[in-house]
Amino acid sequence: MPSPPGSFKQSWLERCRQCSRCGLSAERQHVVISRGDPRAKVMVIGEAPGASEDIQGLPFVGRSGQLLDQLLRSVGFDPDSDLFICNVVKCRPPDNRKPSSAELRACRPWIEEQLAHVDPLVVVLVGATAVAAMLKRKQAMRSLRGVWIEQAGRLWMPVFHPAYLLRNPSREPGKPMAMTLEDLRQVRLRLCQCYPASGALFPSPPSP
């Protein structure tokens with residue numbers, strides 16, 4: 001299985017890979033832990049692995065993940081070096097169903113430890129399940145997306161799940177794809193504002 005890059009202790013990785021806290025462990029091929037850089041200032045948290053992720057042992061590598069990477073790159077992020085990407089649940093639910101409350105509770109300690117270790121400035125929450133799991137908010141994504149949330153000492157940005165964007169592929173203004181691009185630009189802009197001097201994570205946008 002591919003090892004997530006970074007400096008998580010090997011003992012932690014092995015414990016996570018051997019987890020059997022819920023029934024999802026019985027049918028998984030891999031525990032899908034993370035990809036990206038654990039020193040990143042931006043953490044991306046999704047729902048759960050799908051079929052491609054279960055096979056490869058890495059999050060967001062199927063069609064949805066490829067679209068997410070494309071959107072992130074289009075606003076200036078390198079998914080391999082600028083982000084730490086993971087899910088609230090580390091094993092694939094059967095038939096790609098939503099994780100149950102019991103499964104979310106069982107997996108919660110793993111995502112909490114990742115969050116504490118990475119200590120990101122911004123957390124991008126991908127889809128309603130991730131928002132509900134991390135922030136206990138169950139509003140419609142249309143009202144949550146694109147709105148900065150300050151909670152638990154962090155900045156959180158909810159965005160549409162790329163699976164939803166694949167079903168709504170128009171890039172016209174006002175459509176979900178355009179909204180998501182704007183949400184990700186806001187994340188990038190926030191980092192520019194927090195690192196304005198030399199050594200900034202990203203160059204400041206040019207003046208109009």
Side-chain angles (χ1 to χ4, degrees), residues 4 6 8 32-49 59-60 64-65 67-90 98-99 101 103-165 176-196 200-202 205:
F8 280 94
V32 180
I33 299 176
S34 68
R35 67 181 173 99
D37 188 345
R39 298 164 298 180
K41 296 300 181 183
V42 181
M43 189 167 176
V44 177
I45 303 177
E47 177 180 305
F60 283 103
S64 291
L67 176 57
L68 180 62
D69 279 5
Q70 177 188 336
L71 296 175
L72 290 164
R73 288 192 177 98
S74 72
V75 301
F77 286 114
D78 182 332
D80 296 323
S81 60
D82 297 329
L83 307 166
F84 183 83
I85 302 172
C86 58
N87 287 305
V88 290
V89 168
K90 309 303 184 193
K98 289 185 178 180
S101 298
E103 290 159 357
L104 288 165
R105 285 194 302 272
C107 221
R108 182 72 186 215
W110 299 121
I111 188 65
E112 289 288 357
E113 288 184 68
Q114 287 180 306
L115 193 61
H117 180 91
V118 177
D119 193 23
L121 179 69
V122 173
V123 182
V124 178
L125 294 172
V126 183
T129 299
V131 176
M134 300 307 300
L135 301 182
K136 308 302 180 188
R137 299 191 182 209
K138 295 186 178 181
Q139 299 162 246
M141 281 301 296
R142 284 248 171 201
S143 63
L144 283 169
R145 54 110 333 236
V147 178
W148 285 109
I149 298 171
E150 294 189 38
Q151 188 169 314
R154 301 189 189 281
L155 287 169
W156 311 76
M157 172 62 80
V159 302
F160 289 125
H161 198 285
Y164 175 70
L165 301 181
M177 190 82 75
M179 292 178 181
T180 302
L181 280 167
E182 180 55 33
D183 298 342
L184 296 175
R185 287 189 190 102
Q186 290 302 313
V187 173
R188 184 183 184 277
L189 180 60
R190 179 58 63 98
L191 292 177
C192 291
Q193 293 169 343
C194 292
Y195 296 88
L201 186 59
F202 302 107

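This is a predicted model, so every value here is computed, not measured.
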Is there a side-chain contact between [X] and [Y] (heavy atoms, below 4.5 Å)?
{"X": "Trp156", "Y": "Val131", "value": "no"}
{"X": "Arg188", "Y": "Cys192", "value": "yes"}
{"X": "Ile45", "Y": "Val124", "value": "no"}
{"X": "Ser64", "Y": "Leu67", "value": "no"}
{"X": "Leu191", "Y": "Val42", "value": "yes"}
{"X": "Leu71", "Y": "Pro162", "value": "no"}
{"X": "Asp82", "Y": "Asp37", "value": "no"}

Residue pair Ile111, Met134: steps toward the side chain to side chain contact (heavy atoms under 4.5 Å, CB included) verdict: CA-CA 9 Å; Ile111 188 65; Met134 300 307 300; 4.1 Å; yes

Candidate pair Ile149 and Arg137, rule side chain to side chain contact (heavy atoms under 4.5 Å, CB included), full reasoning: CA-CA 11 Å; Ile149 298 171; Arg137 299 191 182 209; 3.7 Å; yes

Specify the closest pair of heavy atoms between [X] and [Y], including all atoms of both residues, with the distance to one decimal.
{"X": "Ala48", "Y": "Pro99", "result": "CB-CG, 4.0 Å"}
{"X": "Val118", "Y": "Met43", "result": "CB-SD, 4.3 Å"}
{"X": "Trp148", "Y": "Gln186", "result": "CZ2-O, 3.5 Å"}
{"X": "Val32", "Y": "Pro59", "result": "CG1-N, 3.3 Å"}
{"X": "Ala130", "Y": "Leu125", "result": "O-CD2, 4.1 Å"}
{"X": "Ser74", "Y": "Leu181", "result": "OG-CD2, 3.1 Å"}

CA sep, side-chain torsions, deciding dist, call: Asp183, Arg145, salt bridge (charged side-chain N to carboxylate O under 4.0 Å, His left out): CA-CA 8 Å; Asp183 298 342; Arg145 54 110 333 236; 2.6 Å; yes

Val187/Phe77 under side chain to side chain contact (heavy atoms under 4.5 Å, CB included): CA gap, chis, key distance, verdict: CA-CA 10 Å; Val187 173; Phe77 286 114; 3.8 Å; yes

Nearest-0.5 Å distance that lies between atom CG in Leu104 and atom NZ in Lys98: 10.5 Å

Pairing residues for Arg154 by the salt bridge (charged side-chain N to carboxylate O under 4.0 Å, His left out) criterion, not counting sequence neighbours: Asp119

Flag for Lys90-Gln114: side-chain donor and acceptor within less than 3.5 Å: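 A donor-acceptor contact under 3.5 Å links the two side chains.
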
Arg35 vs Asp69, salt bridge (charged side-chain N to carboxylate O under 4.0 Å, His left out): CA-CA, chis, key distance, verdict: CA-CA 12 Å; Arg35 67 181 173 99; Asp69 279 5; 2.8 Å; yes

Contacts of type side-chain hydrogen bond (donor to acceptor under 3.5 Å, both in side chains), residue Arg108, not counting sequence neighbours: Glu112

Working for side chain to side chain contact (heavy atoms under 4.5 Å, CB included), residues Met177 and Phe160: CA-CA 8 Å; Met177 190 82 75; Phe160 289 125; over 6 Å; no

